[in-house]
Amino acid sequence: MTELIRIGILTILGSQASYFILLILIYNIMMDWYEWGTFPDPRNFFEKTVNFLTALIFGIAYWAGLKVKKRKWYLRPFYLIGYLAMYTILAVIIYKLLNAVLKYIEWNII
């Protein structure tokens with residue numbers, strides 16, 4: 001069971017990193033795609049769930065894309081590479097912490 005949780009964590013972290021790379025390569029298309037895939041003003045449970053899952057999988061990269069939106073088009077990739085580097089470091093730290101918790105649970109509780 002803990003292995004499935006590890007795979008889920010890696011999937012989410014990897015999806016964010018992939019979206020960062022796509023933002024660096026095709027910024028406008030990916031920003032539009034995210035906005036088309038979410039509801040601007042969610043009114044019911046379904047719309048809120050869609051927004052939550054989309055933000056969970058791609059949200060950090062989209063947030064970074066919004067931060068660099070006002071930069072010149074030729075500087076955006078450099079800023080996004082910086083955000084990607086920070087994200088990669090934080091993702092490794094988060095994974096190591098969660099993996100340690102899962103190992104503790106696996107060895108002592110299960």
Same cluster or not: are [X] and [Y] linked, directly or through other Ile, Leu, Val, Met, Phe, Trp or Tyr residues, by side-chain heavy atoms under 4.5 angstrom apart?
| X | Y | result |
| --- | --- | --- |
| Y74 | L80 | yes |
| L13 | L22 | yes |
| W63 | L23 | yes |
| L66 | I21 | yes |
| L10 | L84 | yes |

What heavy-atom pair brings P77 and I24 nearest, and what distance separates the two atoms? CB-CG2, 4.1 Å
Give the minimum heavy-atom separation between A61 and Y19, together with the two atoms involved. CB-CD2, 3.4 Å
Aromatic contact, Y27 with W73 (centres under 6.0 Å): no
Which pairs would a plain distance check flag for residues 45-58, meaning a side-chain donor or acceptor within less than 3.5 Å of a matching protein atom at least two apart in sequence or in another chain?
unit_1 : atom_1 : unit_2 : atom_2 : d
E47    : OE1    : R43    : N      : 2.7
T49    : OG1    : F45    : O      : 2.7
N51    : OD1    : F39    : N      : 2.8
N51    : ND2    : F39    : O      : 2.9
T54    : OG1    : V50    : O      : 2.8

Partner residues of [X] under the side chain to side chain contact (heavy atoms under 4.5 Å, CB included) criterion, sequence neighbours left out:
| X | value |
| --- | --- |
| I93 | I89, L97 |
| L98 | I9, I94 |
| Y79 | V68, R71, L75 |
| I7 | E3, T11 |

Between side-chain atoms of residues 28-36 and protein atoms elsewhere (two or more places apart, or another chain), which donor-acceptor pairs fall under 3.5 Å?
unit_1 : atom_1 : unit_2 : atom_2 : d
E35    : OE2    : Y62    : OH     : 2.9

Does anything in residues 92-102 form a side chain to side chain donor-acceptor pair (under 3.5 Å)? List the pairs, not counting sequence neighbours. R6-N99
What is the distance from atom CD of E106 to atom CE of M1, rounded to the nearest 0.5 Å? 12.0 Å
To the closest 0.5 Å, what do you measure between CG (L102) and CD1 (I5)? 5.5 Å
For Y87, give me all partners under ring pair (Phe, Tyr, Trp, His ring centres under 6.0 Å), at least two apart in sequence or on another chain. F20
